[in-house]
Amino acid sequence: MGVGSITEATLVPTYSLAERDRRWALARELMAAEGVDALIVYGEREMVQPAPYAHDAYFTNDRPGTIVIFARDADPIVLVGTPDDHR
C-alpha cells in the first residue's frame, strides 16, 4: 500500500443529512429552552489512538479535532487547526 492510500479502515463513518439535521434541531431546541445563543464545542485530535473527547464530531460528521461554534440561529462555523500548530 502506497503513501496516501485510503483504506476502509481510515475512512470516517458518517451519518445521513437527515440524522445531521435531527441532531442540529435537537441541539437548537435544548439551546432555546435554556436561553443559550451559541455553543463552543471542542474536540481533541486523533493521534495514535482515537480522540478521547470528540464532541465536535456530533456536529461536524467528520474526524475529531475541530472547534465548532454552533449558533442557535445560524450555520455552524468549524475551526480546523493544522497538524503542526501544536509545536
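Note that these values count all heavy atoms, side chains included, but never hydrogens, waters or copies made by symmetry. Small disclaimer: the values here were computed from a predicted structure and weren't measured.
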J.: To the nearest 0.5 Å, tell me how far D37 CG sits from M31 CE.
T.: 7.0 Å
J.: For I40, does the CD1 atom have more than 12 heavy-atom neighbours from other residues, nucleotides or ligands under 6.0 Å away?
T.: no
J.: Please report the C-alpha distance between V41 and I67 in whole Å, then the side-chain angles of each, then the deciding distance to 0.1 Å, and finally whether the side-chain contact (heavy atoms from CB on, under 4.5 Å) criterion is met.
T.: CA-CA 6 Å; V41 183; I67 296 172; over 6 Å; no
J.: Can you name the side chain to side chain contact (heavy atoms under 4.5 Å, CB included) partners of V78, sequence neighbours left out?
T.: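 Listed in chain order: T60, T66, V68, V80.
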J.: Give, for atom CG of L26 and atom CG of D21, the distance between the pair rounded to the nearest 0.5 Å.
T.: 12.5 Å
J.: Under the side chain to side chain contact (heavy atoms under 4.5 Å, CB included) test, which residues partner A71, sequence neighbours left out?
T.: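 Here the qualifying residues are D73, A74.
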J.: Ring of F59, cation from R20 - is the NZ or CZ under 6.0 Å from the centre and inside 45° of the axis?
T.: no
J.: Hey, is the main chain of R28 close enough, under 3.5 Å, to the side chain of R72 for a donor-acceptor pair?
T.: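 No, because the side chain of R72 does not come within donor-acceptor range (under 3.5 Å) of the backbone of R28.
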J.: Just to verify, what does E29 make a side chain to side chain contact (heavy atoms under 4.5 Å, CB included) with, not counting sequence neighbours?
T.: none
J.: Are D75 and I77 close enough that some pair of their side-chain heavy atoms sits under 4.5 Å apart?
T.: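 Sidechains of I77 and D75: no contact.
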